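Right, one structure below, let's go through it.
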Amino acid sequence: DKAGYKHFMAKEIAEQPAVITQTLQAYLDGDRIRLPEPGIDFASLDRLTLVACGTAHYACLTAKYWFEQLAALPVDIDVASEFRYREPPIPARTAAIFVSQSGETADTLAALRYAQGKAEMIGAVVNVAESTIARESDIVLPIHAGAEIGVASTKAFTCQLTVLLLLALKAAQDRGHLSDSDMAEKLGLVRSLPGILNQALAIEEPASDISRRLSEARDILFLGRGIMYPLALEGALKLKEISYIHAEAYASGELKHGPIALIDEHVPVIVMAPRDNLFDKTISNMQEVMARGGRILLISDQAGIEQAGSGVWSALPMPTVDPLLTPILYALPAQLLAYHTAVHKGTDVDQPRNLAKSVTVE
Ligand code: M6R
């Protein structure tokens, strides 16, 4: 049931404030993070391995920044199809966490089976709690997103990020990097997420206007630095899945190592630049693109857009938030731009060609 929306994807984008509220309810207990049994003692771990496919893989890439920055816990990341055949050594005191909306992705399941008996513990971050991946794990961490029908993953992504952020905060506390009062402060920020996401959904109209122009492009680049790099990857994946426009994402600092050769006035470049400690660097990369005639769509908050100065092709203002929350917040413009570009192009948004919701063959 699309509940009055034109597509499941539109409904699922709009549902995010509500489903994240459910996710938070399941994991928060006052100023504590409560994990399902048997829990995870992050103090006893030296490493994490996060493995997934597609959008779930980008959730893992994002979480790597959180685990490393908040908890000083080193994280290895891989796509499941590479991990399973590379057969990497898994050092002692490593927990392996597999992230999958469906819980049935063949490569992710095979990667999990490879890690069984080698990793200290196997965790599953899944939407379908009765799935095979969940059943074969030591700890099931449900994301509580509710059924996701659109082939392009949206609410599952932000709920995966929410669970992974809570795990990173728990890890920071277990490992002595977060005092009780700092934890209370961070959880206060996390609790503000649904309200902020609601506010951010107001960019739907400008996002649709911009998307009309994006829909005429043949190629689109996404740029992001630091924790925005995986968000740029997710934006490009979403766009190519449903609009069939060729899109690629780069870490902004990689631009001058090759991709800048692609820039001309026909290539829109979407820059994801919240005002964090890397903002100035991203903006200078953006100016390099502008100097070569590239058309910039800047996604930042109002102050960031003003600070970046004139000359951008377009800008999408986001609410101002603490850097802890930007990955989850900036998923919304990535989703909305892809959605509206696809709608302008008239493609089959919920059932894009050649794709299946659950990839149960390798
Ligand atoms: O069910 P899973 O999370 O394991 O699926 C993984 C990918 O197939 C999935 O995220 C895919 O990339 C989506 N179509 C992205 O929108």
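For ligands, and for the atoms within them, numbers begin at 1 and follow the listed sequence. These values consider heavy atoms only, across backbone and side chains, with no hydrogens, waters or symmetry-generated copies. This chain uses plain numbering: 1 for the first residue, then up along the sequence. Note that the coordinates shown come from a computational prediction; the quantities given were computed from them, not determined experimentally.
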Note to self: Please check: side-chain N/O of S102 versus main-chain N/O of E104, any donor-acceptor pairing under 3.5 Å?
What the structure shows: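 At least one qualifying donor-acceptor pair exists.
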Next item on the list: Indicate yes or no for a side-chain donor-acceptor contact from E68 to the backbone of V75 under 3.5 Å, with no hydrogens or angles considered.
Entry: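 Yes; at least one donor-acceptor contact below 3.5 Å.
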Next item on the list: Can you label the angle between the Y339 ring and the H7 ring as parallel, tilted or perpendicular, going by 30° and 60°?
Entry: perpendicular
Check each atom of ligand 1 against the heavy atoms of [X] and keep those under 4.0 Å away; list them by number with element.
X	result
S153	15 (C), 16 (O)
T55	10 (O), 12 (O), 15 (C), 16 (O)
S102	1 (O), 2 (P), 4 (O)
A152	16 (O)
Q101	1 (O), 2 (P), 3 (O), 4 (O)
E241	13 (C), 14 (N), 15 (C), 16 (O)
S100	1 (O), 2 (P), 3 (O), 4 (O)

Would you check whether [X] reaches within less than 4.0 Å of ligand 1, judged by its heavy atoms?
X	value
H57	no
S358	no
V151	yes

Top protein contact for [atom], by heavy-atom distance:
atom	value
atom 6 (C) of ligand 1	C53 O, 3.4 Å
atom 4 (O) of ligand 1	T105 OG1, 2.4 Å
atom 8 (O) of ligand 1	V359 CG2, 4.1 Å

Could you tell me whether some N/O pair between [X] and ligand 1 is separated by less than 3.5 angstrom?
X	answer
K238	yes
Q160	no
T108	no

Are the charged groups of [X] and [Y] less than 4.0 angstrom apart, N to O?
X	Y	answer
R47	D76	yes
E148	K155	no
E265	R295	no
E288	R292	no
D107	R84	yes

Margin query: Testing the basics here: between A171 and L73, what is the closest heavy-atom pair and its distance to 0.1 Å?
Written below: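 Looking at all heavy atoms of both residues, the closest pair is CB-CD2, 4.5 Å.
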Margin query: Among T94, I40, L45, exactly one meets side-chain contact (heavy atoms from CB on, under 4.5 Å) together with E120. Which residue is that?
Written below: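 Exactly one pass, corresponding to L45.
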